[in-house]
Asks: 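Please see the structure below; I have some questions.
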Amino acid sequence: MSSQGDLEVCVVGAGVVGLTTALLLQNEFPNANLSIVANLFNQETTSDGAAGLFYPGSSYSGPTLEITKKWISDSYSYYDGLRISSEGERAGVFPISGYKFSRFSPKEVMNSPVSTEDQIINHYMEEVAPVFRYATEEELKLCPGNWKYGTYCSTLGIEGRLYLPWALSSMVRGDYIIY
């Protein structure tokens, strides 16, 4: 391969992950020939109806812990950068905060030898979210349910119905192949 112009890239899927991948590749390799192959676009994708909450599960993992943390950090930075940009509202990226409660020891519920603290605290989010902490005793009483454990987190939401058309319109060039 003598130049980026010779680089042929195909992204499979036109949901949030596929279109984000295509945008990032377009930025990284501006002279590459980029194609998106998908059987569904925009309103026809799962991403259109499902708003995304940036909250990778504790079980999410890449090939190594370091790579996993980098993926999560880079992803959060990408969406947060988009949120604060002039395109953030049009792209459907917004801040959101909330609680995660449990009545039972997560150790019991998960049938896991891991300590209760490790099951409640999402260490990935703890490192990237602007606010991630244990819920206070008062906060555990905010919602009916006799909650015993909980966390509070500020993170990002991605509204697929806005993000997908924004991402497609942000593609400078490329082929969109409906399969």
Asks: Taking all non-hydrogen atoms of both residues, which atom of Ala22 and which atom of Leu34 are closest, and how far apart?
Replies: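 Nearest pair, atom of Ala22 first, then Leu34: O-CD2, 3.5 Å.
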
Asks: Measuring from Arg133:CZ to Cys153:SG, what's the distance to the nearest 0.5 Å?
Replies: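 If we round to the nearest 0.5 Å, Arg133:CZ and Cys153:SG are 10.5 Å apart.
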
Asks: If every non-hydrogen atom of Ile72 is compared with every non-hydrogen atom of Phe54, which pair is closest and at what distance?
Replies: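 Minimum heavy-atom contact is O-CZ, 3.6 Å.
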
Asks: Between the side chains of Glu139 and Tyr152, does any donor sit under 3.5 Å from an acceptor?
Replies: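 Tyr152 and Glu139 do not have a side-chain donor-acceptor pair below 3.5 Å.
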
Asks: Looking only at heavy atoms, what is the nearest atom pair of Gln26 and Ser170, with distance?
Replies: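 The pair with the smallest heavy-atom distance is NE2-O, 3.5 Å.
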
Asks: Are Val17 and Val12 grouped together when hydrophobic residues (ILVMFWY) are joined by side-chain heavy atoms under 4.5 angstrom apart?
Replies: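 No, it is not one cluster - the side chains of Val17 and Val12 are not joined through contacts under 4.5 Å.
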
Asks: Does a side-chain heavy-atom distance below 4.5 Å link Leu19 with Leu168?
Replies: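 In short, these two side chains touch, coming nearer than 4.5 Å.
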
Asks: Could you check Asp80 against Leu156 for side-chain contact (heavy atoms from CB on, under 4.5 Å), going step by step and ending with a plain yes or no?
Replies: CA-CA 7 Å; Asp80 197 40; Leu156 301 170; 3.7 Å; yes

Asks: Test side-chain contact (heavy atoms from CB on, under 4.5 Å) on Leu23 and Tyr78 and set out the steps.
Replies: CA-CA 11 Å; Leu23 284 171; Tyr78 169 78; 3.8 Å; yes

Asks: Closer than 3.5 angstrom, by distance alone: can the side chain of Thr68 be matched with the main-chain N or O of Gly62 as a donor-acceptor pair?
Replies: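 Pair found, side chain donor or acceptor close to backbone of Gly62.
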
Asks: Is any NZ, NE, NH1 or NH2 atom of the basic residue among Lys69 and Glu66 found under 4.0 Å from an Asp or Glu carboxylate oxygen of the other?
Replies: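 Judged by the 4.0 Å cut-off on N to carboxylate O distance, Lys69 and Glu66 do not form a salt bridge.
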
Asks: From Leu25 CG over to Met171 CE, what is the distance, rounded to the nearest 0.5 angstrom?
Replies: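 CE of Met171 is found 8.5 Å from CG of Leu25.
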
Asks: With no hydrogens and no angle check, do the side chains of Tyr79 and Thr20 hold a donor and an acceptor under 3.5 Å apart?
Replies: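 A pair is found: one side chain offers a donor N or O, the other an acceptor, under 3.5 Å apart.
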
Asks: Report yes or no: do Leu24 and Ile36 belong to one cluster of Ile/Leu/Val/Met/Phe/Trp/Tyr joined by side chain heavy-atom distances under 4.5 Å?
Replies: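 Yes; Ile36 is reachable from Leu24 via cluster members.
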
Asks: Is there a side-chain contact between Lys70 and Ser75 in this structure, where contact means two heavy atoms from C-beta onward sitting under 4.5 Å apart?
Replies: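 SC-SC contact between Lys70 and Ser75 ruled out.
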
Asks: Could you measure the distance from the CZ atom of Phe94 to the CG atom of Leu82? Nearest 0.5 Å is fine.
Replies: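 One finds 12.5 Å between CZ of Phe94 and CG of Leu82.
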
Asks: Using side-chain contact (heavy atoms from CB on, under 4.5 Å), reason through Glu89 and Leu162 one step at a time and then give a plain yes or no.
Replies: CA-CA 9 Å; Glu89 187 174 339; Leu162 296 174; over 6 Å; no

Asks: Any idea which heavy atoms bring Asn146 and Arg103 closest together, and the distance?
Replies: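 Taking Asn146 first and Arg103 second, the nearest heavy atoms are O-CG, 3.6 Å.
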
Asks: Between Tyr76 and Leu65, is there a shared hydrophobic cluster once you connect ILVMFWY residues whose side-chain heavy atoms come closer than 4.5 Å?
Replies: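 Shared cluster, yes.
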
Asks: Output, in order, the C-alpha distance, side-chain angles, deciding distance and verdict of side-chain contact (heavy atoms from CB on, under 4.5 Å) for Thr151 and Tyr99.
Replies: CA-CA 6 Å; Thr151 55; Tyr99 295 95; over 6 Å; no

Asks: In Å and rounded to the nearest 0.5 Å, what is the CG to CG distance from Asn33 to Asp6?
Replies: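 If I round to the nearest 0.5 Å, the distance is 8.5 Å.
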
Asks: Under the criterion ring pair (Phe, Tyr, Trp, His ring centres under 6.0 Å), I'd like the reasoning laid out for Tyr149 against Phe101: C-alpha separation, chi angles, the key distance, then a yes or no.
Replies: CA-CA 6 Å; Tyr149 309 98; Phe101 295 138; over 10 Å; no

Asks: With a 4.5 Å cut-off on side-chain heavy atoms, are Lys148 and Leu140 touching?
Replies: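 SC-SC contact between Leu140 and Lys148 ruled out.
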
Asks: Shared ILVMFWY cluster between Tyr134 and Trp147, side chains joined below 4.5 angstrom?
Replies: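 No, it is not one cluster - the side chains of Tyr134 and Trp147 are not joined through contacts under 4.5 Å.
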
Asks: What pair of heavy atoms forms the shortest contact from Ala129 to Phe132, and how long is it?
Replies: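 Closest pair (atom of Ala129, atom of Phe132, distance): CB-CB, 4.3 Å.
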
Asks: Atom CG of Asp74 and atom CD1 of Ile67: how far apart are they, to the nearest 0.5 Å?
Replies: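 The CD1 atom of Ile67 is 11.5 Å from CG of Asp74, to the nearest 0.5 Å.
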
Asks: Minimum heavy-atom separation for Leu164 to Val16, with atom names?
Replies: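 Of all heavy-atom pairs spanning Leu164 and Val16, the closest is CD2-N, 3.6 Å.
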
Asks: What do you reckon, is CD of Glu87 surrounded by more than 12 foreign heavy atoms closer than 6.0 Å?
Replies: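 Yes, enclosed.
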
Asks: Tyr163, Ile84: one ILVMFWY side-chain cluster at the under-4.5 Å cut-off?
Replies: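 Looking at the clustering, Ile84 is in a separate group from Tyr163.
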
